[in-house]
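Data block below; observations after.
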Amino acid sequence: MSFSLELPPTFAQRLADADRGLAGMWLCSGSTVNAEIAAGSGLDWVLIDGEHAPLSLESIQTQLQILAAYPATPVVRVPVNNEVIIKQYLDLGAQNLLVPMVNSGEDAAAAVRAVRYPPAGVRGVGAALSRGGRWNRVDSYLKRANDELVSLFVQIESADAVDNVEAIVNTDGVDGIFIGPSDLAASMGFIGQQTHPDVLAGVRSAIAAARAAGKPVGINAFDQQVALGYLDDGMDFILVAADVSLLARASEKLADTFIHKRVGSAGQGERASY
């Protein structure tokens with residue numbers, strides 16, 4: 001080969017080398033400008049959300065191309081634990097995948113098979129045609145992808161997942177787990193109550209299982225004080241905001257400052273005199 005490329009370290013490799021918890025944010029809008037702003041912010045990582053956001057394969061690939069110029073590590077969440085979809089995400093250049101709704105050891109093993117080439121898995125071979133292997137410009141991509149060029153994280157976000165978390169986190173090929181308190185609360189009958197004692201007990205159980213397995217564990221926490229507490233307690237990685245939530249809260253603050261408070265101070269909507 002006359003020209004070769006090296007891929008950046010995976011998220012699993014970054015976590016292994018880190019001496020603190022890695023902080024990141026969601027990218028849900030599909031905006032390439034938002035992606036570039038977030039990637040250059042100084043945050044450690046960003047999560048492109050293919051599950052709840054209206055993102056096409058092409059949109060995700062474009063965001064990854066933009067993020068490649070910045071130090072933040074991109075992780076991409078697939079919409080479902082499906083070998084065809086996972087193959088497409090890997091081929092478009094997602095090195096680090098987060099698979100949602102992994103509820104058992106069998107689910108975890110299926111995700112591992114989907115990200116690995118045969119004989120260890122079922123990933124279809126298309127490196128010459130896709131950005132994942134940089135169109136065959138990454139030396140020995142097919143031989144190296146399974147062990148060093150792709151990392152896999154799975155979500156613990158249901159009561160069943162908590163019950164089976166030891167089997168999930170000990171599945172060979174799962175590089176770490178990410179806890180989703182919102183869906184976990186909903187599955188336990190406490191929708192919208194992420195701090196319910198039973199939900200917090202489930203979170204602690206998942207963290208303990210990851211610690212016992214020697215694998216990194218992350219969590220979603222938009223409350224800054226809660227997030228800081230998790231990091232102080234040794235959480236390996238965390239998501240603390242989303243591009244859409246930041247815009248929503250900041251625009252509401254603007255409306256409160258420049259409309260609601262001024263209308264109230266002027267007296268039932270009367271224009272203030274100067």
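Note: hydrogens, waters and symmetry copies are ignored here, and every other heavy atom, side chains too, is used. We're numbering straight along the sequence, starting at 1. Quick caveat: nothing in here was measured; it's all calculated off a predicted structure.
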Locate the shortest heavy-atom distance separating [X] from [Y]; write the atom from each residue and the value.
X	Y	answer
P216	F153	CG-CE2, 4.2 Å
N146	A120	ND2-CB, 4.0 Å
V199	P181	CG1-O, 4.2 Å
G124	Y117	O-CE2, 3.4 Å
P9	R14	CB-CG, 4.5 Å
S158	N103	OG-OD1, 2.6 Å

Sub-4.5 Å side-chain heavy-atom contact between [X] and [Y]:
X	Y	answer
R134	Y141	no
I156	V162	yes
L92	S130	no
R249	E252	yes
D183	Q155	no
Q194	D223	no
Q13	T10	yes
C28	H52	no

With no hydrogens and no angle check, just 3.5 Å: does a side-chain donor-acceptor pair link N96 and S151?
yes
Taking atom types as modelled and ignoring hydrogens, do the side chains of S104 and E106 form a donor-acceptor contact shorter than 3.5 angstrom?
yes
With a sphere of 6.0 Å drawn around CD of E83, does it hold more than 12 non-hydrogen atoms of other residues, nucleotides or ligands?
no
Within 6.0 angstrom of L200 CG, more than 12 heavy atoms from elsewhere
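More than 12 within 6.0 Å, yes.
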Nearest 0.5 Å, what's the [atom1]-[atom2] distance between [X] and [Y]?
X	Y	atom1	atom2	value
Q63	T32	CD	OG1	7.5 Å
N164	D107	CG	CG	8.5 Å
L67	E36	CG	CD	8.5 Å
L149	L90	CG	CG	11.0 Å
I48	L97	CD1	CG	11.0 Å
L152	I86	CG	CD1	7.0 Å

Please report the C-alpha distance between L247 and D243 in whole Å, then the side-chain angles of each, then the deciding distance to 0.1 Å, and finally whether the side-chain contact (heavy atoms from CB on, under 4.5 Å) criterion is met.
CA-CA 6 Å; L247 179 59; D243 56 351; over 6 Å; no
Establish whether [X] and [Y] are linked, either directly or via other cluster members, by ILVMFWY side-chain heavy-atom contacts under 4.5 Å.
X	Y	result
I168	L98	no
V115	V80	yes
I207	I177	yes
F237	V226	no
W26	I238	no

Classify the ring geometry between F178 and W45 as parallel (under 30°), tilted (30 to 60°) or perpendicular (over 60°).
perpendicular
Between the side chains of D236 and R211, is the shortest nitrogen-to-carboxylate-oxygen separation below 4.0 Å, so that they form an ion pair?
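Judged by the 4.0 Å cut-off on N to carboxylate O distance, R211 and D236 do form a salt bridge.
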Would you call D175-K215 a salt bridge at under 4.0 Å N-O?
no
Restricting to pairs with a member in residues 114-125, which pass salt bridge (charged side-chain N to carboxylate O under 4.0 Å, His left out), not counting sequence neighbours?
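Applying salt bridge (charged side-chain N to carboxylate O under 4.0 Å, His left out) to every pair that reaches into residues 114-125, excluding sequence neighbours, yields D91-R123, R116-D172.
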Linking Ile, Leu, Val, Met, Phe, Trp and Tyr by side-chain heavy atoms under 4.5 Å, what else ends up with V33?
I37
Can M188 and H196 be said to form a side-chain contact (heavy atoms from CB on, under 4.5 Å), step by step?
CA-CA 10 Å; M188 299 175 74; H196 188 281; over 6 Å; no
Ignoring hydrogens and angles, tell me if any N or O in the side chain of S29 forms a donor-acceptor pair with the backbone of V244 under 3.5 Å.
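Here the side-chain-to-backbone pair does not exist.
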Start with the C-alpha distance between N81 and M101, add both sets of side-chain angles, then the distance that settles side-chain contact (heavy atoms from CB on, under 4.5 Å), and finish with yes or no.
CA-CA 8 Å; N81 188 2; M101 294 296 178; over 6 Å; no
Partners meeting ring pair (Phe, Tyr, Trp, His ring centres under 6.0 Å) with Y89 (sequence neighbours left out):
none
Go through it in stages, so that I can follow the logic: the residues are H260 and V263, the test is side-chain contact (heavy atoms from CB on, under 4.5 Å), and I'd like the CA-CA distance, side-chain angles, deciding distance and then a yes or no.
CA-CA 5 Å; H260 307 306; V263 167; 6.0 Å; no
